[in-house]
Amino acid sequence: MLKILAVFFLLLALSTSQLNALDLDEKLKLVIGIYNLKPISCEIDQRLIDDRISPIGDIVFNTTVLSGNHDTSCSTCHIDEKHLTDGLAISIGVGAGENKSDRQKSTGVIVPRNSFTLFGRAGPNFDAFFWDGKVHEIDNLIYSPIGEGYSLGFKSPLAVAAALPILARDEFLGKISFFNNNKSLSEINPSYYKEKFHAANKIIKEIVISEDKRYLPLQKVIKNAGVSVDDVDLAFIGNSLASFIAKRTSECKLSDWEKYLEGDPASLSVGQKKGAIIFFGKGRCAACHSGNSFSDFEFHSIGTPQGEFGTHIHSQDLGRGEVTFKLEDRFKFRTPPLIGASKTMPYGHNGVFKNLESVISFHINPIPFFVKNGWTSGKEILAYGKLLSSRSSKLGFIEIKDRNELLSVVDFINSL
Amino acid sequence: MINKIFKIVLICFCIIWITKELLVPGITLAILYDKYLNLTSECANAMDESWFIEQKKDIKLSQTAQVHLLVCHDYDKTRKILLSAGVSENILAYIGLEALETKQHTADQLVKQHRFMER
């Protein structure tokens, strides 16, 4: 009798969970319809790819050929094994040697922002690059710190974004010393805006005709591509990098979420489905993390703690405010796309959040973060009020009532 | 006698030159270094904040920004004292970088910060 009852309850439990799963799928079908969601993480803007120049991008991306002191490359902070991030809170640039591990123990220079993944960046609708959107395509114009991108010879905003670190003191040019600063550092670093572009062009022209053996691999691929040395400038390098990145990031697999969108209901767990409904509904996550890239490509503030290092005076990071100088943009950062988010910890513009639970909790209520971790810098106790006033009012509508709901959102983001 | 006068003049010249070119700028810089560093940072911040406050179009808030900017008067004054004492523009520019915290920070400072966070 007991056995019969046990089997009965087991069947009842199974059928109930099945019913719930069906309900969740039906709800998700509605969600997908409302947001018009499609799998796009492996979508590439095919116009970016030029097989002739991709090998040039490969060399620039993976070797230190354009680094002032031959100690950094794009792959220093965008590492294959780390989903094209570096896994650090904030990156370590020049002066750390070529070693990609243990950079935090080196004498390398801090680049005070978190290195983001490159996946999704070559997608057709990706138009705002970097945490502060300093490269942004609007109405067929590429706004950037070195001028309008298309007029300089860049073929895409990705090409401009890929070329900008080559002009950055802490990422490529070198560590400043009183004596013996390398030529790239001496000529590019003191220049402003568009002048940096011209200074870099001069250096690149010298590199492509140099007799220094360290430049041979680059010279060889340029020759193999049949490109005239006269045509090689920063814009050409940017276009080559964009082509390489587009090819590299096209080698990706559909995420579990995207398999679900493709019609495989078993690719998401019940918890992930519940999380998805909260994400797109009362969690209000999709109010900013919207669309197929899970970003509105707009700029918002959650009041991320600033830590000891920033790009601006008093170690602050004004984010978008440093690009537009507008009051309303102070402390705002571009909504980070969430594709592959589970593989790109830590989170935030300065990597201050170690995991997804921490960053989501901070969106809901910043106080427990400080109770648990303390202030992130000595001056934060007196400075955090400035950031609090910048927090998006959208955050005030989040309705997550217990930790289970929060963890189901984490589960869902893990499927992206 | 002429030899003696020449030596005295030469010694006096050297003392004056060393005092003017090295001692006065060096001592003035040593005395005013921290003050100048602090004022550079405070004035830059005041200008920055004023820029953003002006966009708010709030008269009372703007008045507070004007008062905040008074710190730049102290900065100008200290800078002039340092220049007239013979401290070079290059040294002041370097202190400026230091004050604005746009100098290059090395990774060991990062490790220190993380140690603090994980206590």
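Just so you know, these numbers use all the heavy atoms, side chains as well, and skip hydrogens, waters and symmetry mates. Sequence lines set the chain letters: A, B, ... in the order given, protein chains first and strands last, and positions in each chain run from 1.
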Neighbour count >12 (heavy atoms, 6.0 Å) for atom [atom1], [X]:
{"X": "A:Lys386", "atom1": "NZ", "result": "yes"}
{"X": "B:Ile59", "atom1": "CD1", "result": "no"}
{"X": "A:Asp80", "atom1": "CG", "result": "yes"}
{"X": "B:Leu69", "atom1": "CG", "result": "yes"}

Task: Side chain / backbone / both / neither for B:Asn45 at chain A, heavy atoms under 4.5 Å - done: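 Both parts, backbone and side chain.
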With rounding to the nearest 0.5 angstrom, report the [atom1] to [atom2] distance, [X] to [Y].
{"X": "A:Ile313", "Y": "B:Thr40", "atom1": "CD1", "atom2": "OG1", "value": "9.0 Å"}
{"X": "B:Glu49", "Y": "A:His314", "atom1": "CD", "atom2": "NE2", "value": "9.5 Å"}
{"X": "A:Leu318", "Y": "B:Phe52", "atom1": "CG", "atom2": "CZ", "value": "5.0 Å"}

- [ ] Against chain B, label A:Lys326 side chain, backbone, both or neither, depending on which of its atoms sit under 4.5 Å from a heavy atom there.
- [x]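 The answer is both parts of A:Lys326.
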- [ ] Sort A:Val94 into side chain, backbone, both or neither according to what part of it lies under 4.5 angstrom from a heavy atom of chain B.
- [x]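 Side chain only.
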Task: Short side-chain to backbone donor-acceptor contact, B:Gln55 and A:Phe325, under 3.5 Å - done: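 Between the backbone of A:Phe325 and the side chain of B:Gln55 there is a qualifying donor-acceptor contact (under 3.5 Å).
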Task: Minimal non-hydrogen separation, B:Lys56 against A:Leu327, with atom names - done: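 Closest approach of B:Lys56 to A:Leu327: CD-CD2, 3.7 Å.
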